[in-house]
Amino acid sequence: MASQKRIAILVEDFYQVLEVWYPFYRLREEGFEVLFVGSGTKKQYGSKEGYPLDVHISINEAQGKDFDAVIIPGGWAPDFLRRHEEIIQFVRDLYKSQKVVASICH
């Protein structure tokens, strides 16, 4: 059942608005639990246009075993995300567990 599935959307500054918010709302409409997971540098990140986004949890609170998928949206955010070993390990854990790892644009 979709409501039992948990999806992480990774966020950092200069994220691409549509590549974060569109999947977030569409997946929630389908019954998935979708959480914004930040790099841990702060609790709110700004898009390329400056729109604020409050994260649900930081990467320090997230474990790959607790998620069924991860989405890595584009913009400049991936350039910042990949600088954090915890982010890399989180994505690696999902990949090694044969869970869905999706990236958009970048």
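Separating the CD atom in Glu33 from the CD atom in Gln4 is a distance of 11.5 Å, to the nearest 0.5 Å. In this structure, the separation between CD on Gln16 and NZ on Lys48 is 5.0 Å, given to the nearest 0.5 Å. Distance NZ/Lys96 to CD/Gln89: 6.5 Å, rounded to 0.5 Å. Rounding to the nearest 0.5 Å gives a distance of 11.5 Å between CG of Leu81 and CD of Glu86. The distance from atom OH of Tyr22 to atom CD1 of Ile9, rounded to the nearest 0.5 Å, is 12.5 Å. Atom-to-atom distance recorded for Ser39:OG and Ile59:CD1 is 9.0 Å, nearest 0.5 angstrom.
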- [ ] Just do the side-chain contact (heavy atoms from CB on, under 4.5 Å) check on Ile7 and Leu35 with the steps written out, would you?
- [x] CA-CA 6 Å; Ile7 300 171; Leu35 298 177; over 6 Å; no

- Task: Assess whether side-chain contact (heavy atoms from CB on, under 4.5 Å) is satisfied between Tyr15 and Trp76, documenting all intermediate values.
- Result: CA-CA 6 Å; Tyr15 68 88; Trp76 288 106; over 6 Å; no

inquiry  = Working note: Ile71 + Ile104, criterion side-chain contact (heavy atoms from CB on, under 4.5 Å); need CA distance, chi angles, decisive distance, verdict.
reply    = CA-CA 8 Å; Ile71 297 173; Ile104 305 172; 4.0 Å; yes

Worked verdict on Thr41 versus His84 for side-chain contact (heavy atoms from CB on, under 4.5 Å) = CA-CA 10 Å; Thr41 58; His84 300 276; 3.6 Å; yes

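Looking at heavy atoms from C-beta onward, Arg28 lies out of side-chain contact with Phe32 at the 4.5 angstrom threshold.
Looking at residues two or more places apart in sequence or on another chain, you find no salt bridge (charged side-chain N to carboxylate O under 4.0 Å, His left out) involving Glu49. Contacts of Lys43 classified as side-chain contact (heavy atoms from CB on, under 4.5 Å), with partners at least two apart in sequence or in another chain: none. For Asp13, the side-chain contact (heavy atoms from CB on, under 4.5 Å) criterion is met by Lys42, Tyr45, not counting sequence neighbours. Qualifying side-chain contact (heavy atoms from CB on, under 4.5 Å) partners for Tyr25, counting only residues two or more places apart in sequence or in other chains: Trp21. Taking Gln98 as the reference, nothing meets the side-chain contact (heavy atoms from CB on, under 4.5 Å) condition, with sequence neighbours excluded.
Here the closest heavy-atom approach between residue Ser58 and residue Val37 is recorded as C-CG1, 4.0 Å. Val70 approaches Leu94 most closely through the heavy-atom pair N-CD2, 3.7 Å. In terms of heavy-atom proximity, Pro73 sits nearest to Pro78 at O-CG, 3.2 Å. Across all their heavy atoms, Phe36 and Asp54 have their closest contact at CD1-O, 3.8 Å.
Between Glu85 and Arg92 there is a salt bridge, since a side-chain N of the basic residue sits under 4.0 Å from a carboxylate O of the acidic one.
Using a distance-only test at 3.5 Å, with no hydrogens or angles considered, no donor-acceptor pair links the side chain of Gln44 to the main chain of Leu53. Using a distance-only test at 3.5 Å, with no hydrogens or angles considered, no donor-acceptor pair links the side chain of Glu30 to the main chain of Leu27.
Enclosure of atom CZ in Phe14 is not indicated, since only 12 or fewer non-hydrogen atoms of other residues, nucleotides or ligands lie within 6.0 angstrom.
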Solution key, residues 62-69 side-chain donor-acceptor pairs under 3.5 Å, sequence neighbours excluded:
unit_1, atom_1, unit_2, atom_2, d
Gln63, OE1, Lys65, NZ, 3.4
Asp68, OD2, Arg6, N, 2.8

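Taking hydrophobic clusters as Ile, Leu, Val, Met, Phe, Trp and Tyr residues chained together by side-chain heavy-atom distances below 4.5 Å, Val20 shares a cluster with Tyr51.
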